[in-house]
Amino acid sequence: MVVQMQLDLKKKLEILSDAAKYDVACTSSGVDRGGKKGFVGNTSAPGICHSFSADGRCISLLKILFTNQCIYDCKYCVNRSSSDVLRTAFTPDEICSLTMEFYKRNYIEGLFLSSGVLLNADYTMEQMYEAVWKLRNLHRFRGYIHVKAIPGASFELIERMGFLADRMSINLELPTADALSRLCPGKTREKILLPMGGIRNGIAKNRNELAVYKAAPRFVPAGQSTQMIVGATPESDLQMITVAEALYERYRLKRVFYSAFISTMADETLPAPPGGPPLLREHRLYQADWLLRFYGFQAKELLTEDRPNFNIFLDPKCDWAVRHLEWFPVEAMTADYGTLLRVPGLGVRSARRIIAARRMGRLSFADLKRFGVVLKRAMYFLTCGGQMMAPVRMEENFITSQLIGTEQKKNWEIENSTAFRQLSLFDDFGLSAEPSVLDRKQAVFGEL
C-alpha cells in the first residue's frame, strides 16, 4: 500500500482526523500546568473535556492519527492493512503546525495523537516522539498532550515520550487473548501489557523521585488509560468488567474506555448487529466502571455467572440494589459513607454532604434533595429520621417496576442516538446547511 505523502495539509487533516474518530480513549487532562513567560498555553486538570458529543466523546482536542497506514490486519479496524482506503501520514512539522494554529485560534485545548503502524513500531514511535518533542521544545507548547503508545515499540522510546506527554495509553482492544488472536493477527497481549506495565512502573518511580526532588521532570503526570471494543466478540459484560477491574488493580490505570463496535466493512468473522452499535451496552459498562472506581463495588457483586450481562432496563446500581434488598432501607442519619454510596440516587458528593451536615442536626428529605440526592430513586432505599419518604413495599418486583418507568426514556434515547458520528468543528454552531468548501478552508486555516 502506497502512503500518499504529497497530499496537501488540508487533505491529510481530513483523512487522518476522520480515521481517528473510532478511538475514544481521551479524557480530562488530570494535570495542572500554568502559563509561563516565553511559552504558549497552559493545562487545567479538569479543563479538556468541557465539550462532548452526546455519548461522551471529547471534541476539544485536536484528535488525529500520525498515519492511517498499518502493518496489522485487525478485522474490526477501518485502517487495517487489507482495507482499500487512501493512506497518508503527517510529518512531525505538520503536526506541530496544525496543533499551534488550532490552539492559537482557540479551537482546541490540546492534542490527542494516535497512529497506525508505519513500517514498524519503533519507526512510528520515533516519528511521534519527534513531533511532540518539537511541540514542547521548539514551539514551547505547554498545553495538554495525550499520546498512544505503539504496541511492540521499545520501552526506551515510550519512556522518552512519557517525559513529554501528559497522558499515555495503549489499547487493550479486546478483553481476552483468544479474541485478540482471532481478530488481530500479529498483535499479542504481551505487546500490549508489557509497555502498560512499564508505564505503571515509570509513574511509580517518578512519584518517588518527585517526593525527594520537587523539580524532577514529570513522567506521564496524568496517568495512563486503555480502550476495549464492545460487541465485536461474544464476551459477556462480566468478562469485560472483570478485565477492567484487573487492569485498575495491576496497572493503576486512570480510565478504561469502552467503544461500541461500529461495523465499517463486511467480514464474516465480525457480527452485524441489526440495531446498529451497542450504545446502551457501552453506556451500562461505563456506569459499572464508575461503580468500580468510586463506589467500592467489585465486579463479582454486580454480575455473576448466572447473570453475566447488565439489565437493559435498569442502571447497574439500581439493579444491584433491587437484588439485595436485605441491605435496605438505609438510615441517612447513621449509615457510614460506604453504605450511603450503595444507595441508588446518592453520589460521592451527596454522601459526603450528608455525613458533614448530620453532625449539625437532624436532616429532612428536603435537605437531602438540596445535597443532590435523586429522591425519585433513593426514596425506595432510604429513610431519614426513621421515616420513608412515601409508603414503599420492600419487594423486588414492585420497586423494579417503579424504577423502570424512569429508565425507559433514557434507554430509548441511547439506543436511537447517532452519537457515534464524529463531530466536526462546525457542529457547535447549529448550522442548518452544510458548510461550503470555502467555509471549511477558512475555518481550518484561521481565515474566518
Side-chain angles (χ1 to χ4, degrees), residues 1-26 57-72 74 77-121 123-136 138-139 141 143-150 161 164-165 264-265 421-427 434-448:
M1 183 71 68
V2 177
V3 180
Q4 300 291 333
M5 296 299 294
Q6 71 273 21
L7 299 176
D8 63 42
L9 187 56
K10 180 178 180 298
K11 185 62 176 178
K12 287 185 180 182
L13 179 62
E14 179 183 327
I15 295 169
L16 296 174
S17 61
D18 184 70
K21 67 185 179 184
Y22 300 107
D23 199 327
V24 300
C26 55
R57 285 166 168 77
C58 170
I59 60 170
S60 59
L61 303 177
L62 174 58
K63 187 176 177 184
I64 54 175
L65 299 184
F66 164 70
T67 180
N68 64 341
Q69 169 68 308
C70 196
I71 62 174
Y72 293 115
C74 302
C77 183
V78 69
N79 300 312
R80 69 189 198 183
S81 60
S82 60
S83 180
D84 185 20
V85 297
L86 180 61
R87 310 285 180 162
T88 190
F90 287 122
T91 65
D93 287 330
E94 287 173 334
I95 292 174
C96 292
S97 176
L98 284 170
T99 304
M100 297 307 297
E101 293 304 314
F102 274 112
Y103 191 91
K104 290 174 182 177
R105 287 162 177 78
N106 204 30
Y107 293 162
I108 62 168
E109 295 183 70
L111 171 67
F112 178 92
L113 182 61
S114 185
S115 184
V117 183
L118 179 62
L119 300 183
N120 56 63
Y123 175 80
T124 306
M125 201 72 209
E126 285 173 353
Q127 293 295 299
M128 295 170 71
Y129 172 79
E130 182 181 346
V132 177
W133 186 91
K134 286 183 173 182
L135 270 174
R136 292 296 196 207
L138 300 184
H139 296 273
F141 181 66
Y144 175 73
I145 298 179
H146 181 155
V147 177
K148 280 299 180 72
I150 303 299
M161 181 68 84
L164 297 175
T264 58
M265 60 195 77
R421 177 178 61 86
Q422 177 79 0
L423 297 188
S424 76
L425 290 169
F426 292 95
D427 287 322
E434 182 74 4
S436 68
V437 173
L438 179 59
D439 288 335
R440 293 182 183 276
K441 179 181 177 181
Q442 290 175 327
V444 169
F445 292 100
E447 299 170 1
L448 284 177

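Annotation: the span from Ile108 atom CD1 to Leu61 atom CG amounts to 7.5 Å, rounded to 0.5 Å. The OG atom of Ser115 sits 5.0 Å away from the CD1 atom of Ile150 when rounded to the nearest 0.5 Å. Taking CD1 of Ile95 as the reference point, atom CD of Glu130 lies at 9.5 Å (rounded to 0.5 Å). For the atom pair NE2 (His146) and CZ (Phe112), the distance works out to 4.5 Å, reported to the nearest 0.5 Å. Distance check, rounded to the nearest 0.5 Å: OG1 of Thr88 to CG of Leu118 gives 10.0 Å. Taken from CZ in Phe90 to OG1 in Thr99, the straight-line distance is 9.0 Å, to the nearest 0.5 Å.
The backbone N or O of Ala89 sits less than 3.5 Å from a side-chain atom of Lys12, completing a donor-acceptor pair. The main-chain N or O of Leu86 is found under 3.5 Å from a side-chain atom of Asn68 such that the two form a donor-acceptor pair. With hydrogens and angles disregarded, a donor-acceptor distance shorter than 3.5 Å links the side chain of Glu94 to the backbone of Thr91.
The side-chain heavy atoms of Met100 and Leu135, taken from C-beta on, include a pair separated by under 4.5 Å. Taking 4.5 Å as the limit, every side-chain heavy atom of Val117 sits out of range of all side-chain heavy atoms of Tyr123. Side-chain atoms of Val132 and Lys134, non-hydrogen and from C-beta on, never get closer than 4.5 Å to each other. Using a 4.5 Å heavy-atom threshold, the side chains of Val147 and Leu164 count as separate. Counting heavy atoms from C-beta outward, Glu109 and Tyr144 have side chains that stay 4.5 Å or more apart.
In plain terms, the two heavy atoms of Leu16 and Thr67 that are nearest each other are CD2-C, 3.8 Å. Pairing each heavy atom of Ser81 with each of Cys70, the nearest pair is CB-O, 3.3 Å. Nearest approach of Cys96 to Ala131, heavy atoms of both residues: SG-O, 3.4 Å. Shown here for Ser114 and Lys148, the closest heavy-atom pair between the two residues is OG-CG, 3.4 Å.
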Q | Stepwise side chain to side chain contact (heavy atoms under 4.5 Å, CB included) check, Arg136 with Phe141 | A | CA-CA 5 Å; Arg136 292 296 196 207; Phe141 181 66; 3.9 Å; yes
Q: Quick one: do Leu138 and Trp133 satisfy side chain to side chain contact (heavy atoms under 4.5 Å, CB included)? Show the steps, please.
A: CA-CA 8 Å; Leu138 300 184; Trp133 186 91; 3.9 Å; yes
Q) Would Leu113 and Ile64 satisfy side chain to side chain contact (heavy atoms under 4.5 Å, CB included), going step by step from the backbone distance to the final call? A) CA-CA 6 Å; Leu113 182 61; Ile64 54 175; 4.1 Å; yes
(Q) Applying side chain to side chain contact (heavy atoms under 4.5 Å, CB included) to Glu126 and Thr124, what does each step give before you reach the verdict? (A) CA-CA 5 Å; Glu126 285 173 353; Thr124 306; over 6 Å; no
